[in-house]
Amino acid sequence: MATSNPTGAALALWNPGADEHDPISARTYGFWLYLIGDALLFCSLFASYAVLDNPVNAAGGPLTAQVINTPHGLWQTFIILASVLAYSLGTVSLKNGNAAGVQLGILAALLLGGAFLYISGTDLWALAAQGNGPTRSAFLSVFFTLLLTHGLHMLFGILWMLVMLVQVGVLGFTKDVVGRLLNLRLFWQFQATMWVCVYFYVYLLGGAR
Amino acid sequence: MSSHYNPLQHPEVQQGTTGRYIAAFLASAALMGGAYYASTQKLPLMEFAATAAALSLAALVSQLALFFGLNISQAQIWKGVALFLAIPLFIITIGMTVWAFSSLYSRTMPMDGMLMSGQPTLLQ
Amino acid sequence: MQVAVDGPWSPLLGRLSLAAIPYDNPILVSTFAVVALLGIVIIGAALYFGKLGYIWREWLTTVDHKKIGVMYIILGLVMLFRGFMDGAMMRTQQLLADGPNSPGYLGAQHGYLPPYHFDQIYTAHGTLMLFFAATPLVAGLGNLIVPLQIGARDMAFPYLNATSLWLTVSGAALCMISLFVGEFSNATWVGLMPFSEMPTNPGVGVDYWMWAFQLSSIGTTFNAINMIATIVKMRAPGMRWFRMPVYCWSSLTTNIIGLSIFPVVTVALTMLGIDRYFGTHFFTAGYGGNFMLYVNLFWIWGHPEVYFLMLPAFGLFSEIVPTFSNKALFGYPTMVAASFSIGGIGWVVWAHHFFTMGMGPELNGYFSAATMLVGIPTGVKAFNWLFTMYRGRITYATPMLWALIGLVLLLIGGLTGMMLSASVFDYTVHNSLFVVAHFHCMVLVIGAALFAGVTYWWPKVFGFKLDERNGQMYFWTFVLASLLVFVPLFYLGFAGVTRRLDYIYNPALKPLLWVSEGGIGMYFVSLFYFGKMLYVSLRDQIPAQADAWGTGRTLEWLTHTPVPFYNFAVTPQINARDELAWRKAKGVEGVQPTHYVPIHLPSNTAVPVIIGALATVFGFAMTWRIWWLSIASLLAIIIVVIIRSFDKNEGYVLSAEDIAKMENQVALASIIAEQPKRPALAQVEAH
Ligand code: HEM
Ligand SMILES: [Cu+2]
């Protein structure tokens with residue numbers, strides 16, 4: 001809206017209708033910020049891991065090399081990457097509003113995520129059953145905590161996927177549903193990225209020492 | 001927010017492509033597989049660490065560029081800036097902590113306990 | 001799994017039993033009486049005036065950033081009062097329990113507080129002051145002002161914003177409950193390790209502290225995300241980065257810090273939690289535990305946290321000094337750069353809190369030097385404020401007085417901080433009252449800035465100013481009290497008094513302890529003037545102008561006073577850094593929009609307050625180890641969130657006629673006024 005000041009020059013003072021912000025951009029950006037915070041959470045776990053992965057903190061118990069299964073870890077890496085791929089391809093179907101494609105992608109991602117958790121779960125369970133559970137030493141405490149933190153994130157992602165499977169069917173592609181689908185993709189991808197860090201730091205480096 | 005707003009036309013939706021995602025998967029999987037392969041090769045520790053670090057870093061970058069789709073376009077720039085601000089913090093948190101505690105341990109902990117892993121140490 | 005706990009445990013009530021109620025402690029019983037009485041009076045008044053529905057509809061379920069800001073500030077002020085009472089009790093104990101011949105009352109050997117109770121008081125004091133007084137006040141002002149200053153309708157995520165508030169409230173509620181059910185932690189606000197672990201601290205106190213801390217941290221992290229997204233994404237047209245007011249810049253830097261540090265302390269506390277609940281060994285004294293790791297993680301969060309609180313204070317000074325000097329802020333770009341460098345440096349100096357750990361001269365040297373560096377950007381800011389005042393037309397209104405005393409305190413606190421940053425010096429005064437005096441000077445800077453901010457923006461929010469005369473009395477008595485309380489502590493610290501003592505060994509220190517106690521008395525006088533100021537201003541309610549102080553420069557002074565709930569009837573176009581000053585220069589500050597377009601606003605929702613209530617229950621159940629209730633409340637939170645995600649509510653539209661009506665009669669739109677119910681829109685599916 002233009003107004004003129006006493007000298008007659010045109011001044012733009014008001015901007016009717018300018019508050020049409022883009023909700024999806026704001027939403028994915030906010031979620032991205034949350035992921036950065038989450039990355040710092042993992043980062044502090046890695047720092048703690050680095051400190052406690054030390055004979056002094058193992059209290060006579062095992063250290064990384066004795067508790068990991070590097071080939072299993074590699075399989076998990078492939079599985080989680082495939083899961084992310086499946087979900088991402090699902091969101092490609094979103095481009096032309098193909099609900100079945102989206103749901104199929106989510107379903108595949110969900111199953112692969114379950115397989116990942118199954119491997120993690122059985123490995124950790126076996127370790128604990130040998131008497132090397134998280135209460136054995138400070139090192140094992142941080143080992144379990146790091147892996148379970150990642151696992152809990154995955155579990156949360158799976159719950160979220162279940163909800164989205166229903167929402168895509170019940171609500172259709174509303175603004176909120178699309179925003180959530182996009183954020184879930186970021187979240188799921190983030191878990192794979194964190195897993196790459198875990199695999200590198202714990203399985204490869206820790207295994208080599 | 002008006003009624004003609006079509007979420008499916010949003011750039012965040014439209015940016016993904018099948019090719020890019022498949023490329024991301026292949027690159028990451030190959031790089032991590034390579035890192036695993038290096039671990040089976042009985043390299044000297046430092047050499048292996050450097051190889052594995054380089055490959056994993058490349059895998060992370062491929063994911064950022066291809067899966068997350070970070071770039072410097074108007075739509076993505078602020079995500080990139082946020083990440084760029086955060087990366088030094090990751091390095092500092094881990095790096096300074098490790099430095100402080102390795103220095104502390106070398107001053108205060110029984111050294112033979114550090115060398116003979118699996119042996120009971122004075123702390124118990 | 002449940003680590004064996006001392007004393008009885010039952011599946012239904014966990015560790016909770018009647019013995020948890022401290023009815024044999026006269027201090028706690030009388031506190032309870034006062035709190036209960038106040039609660040009854042408030043609820044009774046709401047009932048009597050028929051306002052309960054209004055409070056629920058317009059406040060508890062609101063998503064309006066201004067109301068949320070106001071509620072944050074109320075929470076902060078209430079907790080400030082409780083924290084102050086704790087402080088007063090501590091000073092009085094130290095005064096009484098001075099020397100071997102000092103008398104003992106109420107079952108204490110010296111003074112009137114047994115050590116265990118005293119320890120809980122200083123823990124509560126620190127926790128409350130930082131998380132439930134300073135943080136909510138900072139967050140509240142940020143909420144109130146940032147969207148107005150950038151010309152936005154609301155925060156980027158209004159619903160998340162309300163959730164942040166209620167999570168913070170739930171943490172505060174846990175602290176209050178701990179007063180009357182069980183006990184609070186006695187392990188200091190930083191959580192001494194391994195003292196906070198189960199073997200040495202088997203009670204519920206540490207759990208209360210831990211959950212209160214965790215819940216409020218989550219709230220603060222959400223708020224940080226919201227603020228950053230708002231500033232990045234919601235600026236009005238023309239509000240380019242370098243036209244943003246410095247307060248918005250400092251909010252941005254502060255929330256970048258907040259987002260990056262709170263996860264770290266979440267990890268530290270979670271590790272303590274799993275140690276306590278599952279018997280792991282992160283920080284225990286045996287099994288390879290490393291309690292210095294906790295200290296390290298804690299201060300990675302802890303030092304940036306002090307700047308998380310300080311930067312908004314700097315931002316407030318940067319708004320208030322120009323307004324009351326009637327002059328543009330000096331050195332705007334350097335102010336922005338200084339905020340970022342303070343944030344950056346603040347992130348890399350944390351180990352100066354444990355120089356004495358023994359990490360060696362290289363690291364101590366680095367952390368000393370890095371700590372000293374922060375003086376440079378801080379100095380830049382201080383000089384910029386001075387140059388802003390230089391040859392300005394200064395009005396000594398209350399906000400300006402607070403800002404000025406803030407600068408003085410910053411100087412004292414900063415110089416003593418510089419002394420502490422030399423590790424060799426720190427070895428001698430570490431953990432002494434000298435440190436206490438140092439950081440209280442710093443915290444009082446924040447306090448001064450917050451009082452300045454509240455006084456400054458009060459008229460914008462409520463439509464009338466706080467009474468100047470009583471405000472100035474409050475100011476002077478408060479400043480006098482602060483100096484009396486804290487300046488002696490510098491000397492006492494040098495004299496060898498360590499912090500957190502329930503008994504002081506040396507009767508020769510009595511005179512200084514008396515001076516400090518005199519300051520506490522003075523604080524009570526200032527409290528009286530604070531109350532009188534509120535009373536007089538509420539009674540008179542002299543209407544204020546849109547530009548309440550007459551020399552405002554930034555956007556928030558452009559809209560009506562009191563600010564309508566929709567902020568601006570029409571989004572302004574930004575033409576300059578100090579938009580209002582620019583409009584004044586062009587002679588168009590009074591020009592109003594001539595026609596309106598409908599405004600889209602989010603509907604209120606009860607979900608955030610329900611989440612807050614459930615979070616309180618969850619924290620309480622975890623504290624008392626009532627497992628079924630913990631699981632039930634956690635599940636309930638998840639279910640509530642899922643149910644809400646199926647809601648199609650798309651907010652409502654304020655029609656152009658409604659806006660026109662309210663623009664002519666601003667009181668109808670003030671945040672105090674009750675709004676009629678407006679029908680909600682439903683989201684539609686995309687094709
Ligand atoms: C932004 C304002 C500041 C606040 C709110 C603040 C707060 C604090 C707090 C709370 C502590 C005590 C921690 C504890 O032992 O419980 C502390 C200690 C310390 N502060 Fe500050 N500080 C501020 C600025 C500074 C500055 C500007 C410096 C130096 C340039 C500084 C240097 C130190 C040092 C070295 C210690 C450690 C002393 C010790 O524990 O022995 N602080 N500060
Ligand atoms: Cu510090």
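Values reported hereafter were calculated over all heavy atoms of this structure, with side chains retained and with hydrogens, waters and symmetry mates removed.
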Gly30(A) to Ala229(C) - nearest heavy-atom pair and separation:
CA-CB, 4.5 Å

Can you give me the closest heavy-atom contact between Leu171(A) and Ser645(C), atom names plus distance?
CD1-O, 4.0 Å

List the steps and the verdict of side-chain contact (heavy atoms from CB on, under 4.5 Å) for Asn296(C) and Val51(A).
CA-CA 11 Å; Asn296(C) 183 64; Val51(A) 171; over 6 Å; no

Working to the nearest 0.5 angstrom, can you tell me the gap between Thr135(A) OG1 and Ile274(C) CD1?
11.5 Å

Value rounded to 0.5 Å, distance of CD in Gln592(C) from CG in Leu13(A):
10.0 Å

Which bit of Phe646(C) comes within less than 4.5 Å of chain A, counting heavy atoms only: side chain, backbone, both or neither?
both

Counting only non-hydrogen atoms closer than 4.5 Å, does Leu159(A) touch chain C with its backbone (N, CA, C, O), its side chain (CB onward), both, or neither?
side chain

If one checks every heavy atom of Ser25(A) against chain C at 4.5 Å, the contacting part turns out to be both

With sequence neighbours left out, what residues match Tyr652(C) under ring-ring contact (aromatic ring centres under 6.0 Å, His included)?
none

Examine whether an atom of Tyr34(A) lies under 4.5 Å from a heavy atom of chain C, and if so say whether it belongs to the side chain, the backbone or both; otherwise answer neither.
both

Inspect the surroundings of OH in Tyr199(A) and state if more than 12 heavy atoms from other residues, nucleotides or ligands are less than 6.0 Å away.
yes

Over all heavy atoms of both residues, which pair between Ser44(A) and Leu297(C) is shortest? Give the atoms and the distance, please.
CB-CD2, 4.0 Å

Can you tell which of Val163(A), Val177(A), Asp176(A) has the highest number of heavy-atom pairs within less than 4.5 Å of chain C?
Asp176(A)

Enter the distance from Lys233(C):NZ to Thr28(A):OG1 here, rounded to the nearest 0.5 Å.
6.5 Å

Distance in Å, Phe31(A) CZ paired with Ile225(C) CD1, rounded so as to fall on 0.5 Å steps:
9.0 Å

Answer yes or no: is there a side-chain heavy-atom contact under 4.5 Å between Thr280(C) and Phe144(A)?
no

Over all heavy atoms of both residues, which pair between Ala12(A) and Asn575(C) is shortest? Give the atoms and the distance, please.
O-ND2, 3.0 Å

Let me know if Trp582(C) has heavy atoms under 4.5 Å from chain A in its side chain, its backbone, both or neither.
side chain

If you count heavy-atom pairs under 4.5 Å between each of Ala39(A), Gly133(A), Ser48(A) and chain C, which one has the most?
Ser48(A)

Heavy-atom cut-off 4.5 Å, strictly under: side chain, backbone, both or neither for Thr145(A) against chain C?
side chain

Between Val142(A) and Met271(C) the two heavy atoms that sit nearest each other are CG2-CE, 4.3 Å

List the steps, then state whether side-chain contact (heavy atoms from CB on, under 4.5 Å) holds for Phe42(A) with Val267(C).
CA-CA 9 Å; Phe42(A) 273 103; Val267(C) 167; over 6 Å; no

Among Val265(C), Leu558(C), Ile256(C), Leu293(C), single out the residue with the greatest number of heavy-atom pairs under 4.5 Å to chain A.
Leu293(C)

Any idea which of Ile300(C), Thr266(C), Val232(C) has the most non-hydrogen atom pairs under 4.5 angstrom with chain A?
Val232(C)

For the CG atom of Asp275(C) and the OG atom of Ser141(A), what is their distance to the nearest 0.5 Å?
6.5 Å

Under the side-chain contact (heavy atoms from CB on, under 4.5 Å) rule, what do Tyr287(C) and Asn57(A) come out as? Steps first, then yes or no, please.
CA-CA 7 Å; Tyr287(C) 296 93; Asn57(A) 303 103; over 6 Å; no

For Gln214(C), give me all partners under side-chain hydrogen bond (donor to acceptor under 3.5 Å, both in side chains), at least two apart in sequence or on another chain.
Thr270(C)

Non-hydrogen atoms of chain A under 4.5 Å away: do they reach the side chain of Ser260(C), the backbone, both or neither?
both

I'd like to know whether Leu33(A) forms a side-chain contact (heavy atoms from CB on, under 4.5 Å) with Leu259(C), so could you lay out the CA-CA distance, the side-chain angles of the two residues, the decisive distance to 0.1 Å, and finally the verdict.
CA-CA 8 Å; Leu33(A) 293 174; Leu259(C) 172 62; 3.9 Å; yes

Given side chains that start at C-beta, do those of Leu40(A) and Phe262(C) come closer than 4.5 Å, heavy atoms only?
no

Taking the side chain as everything from C-beta on, heavy atoms only, tell me whether Thr594(C) gets closer than 4.5 Å to Trp14(A).
no

Report yes if the side chains of Ser137(A) and His281(C) come closer than 4.5 Å at any heavy-atom pair, otherwise no.
no

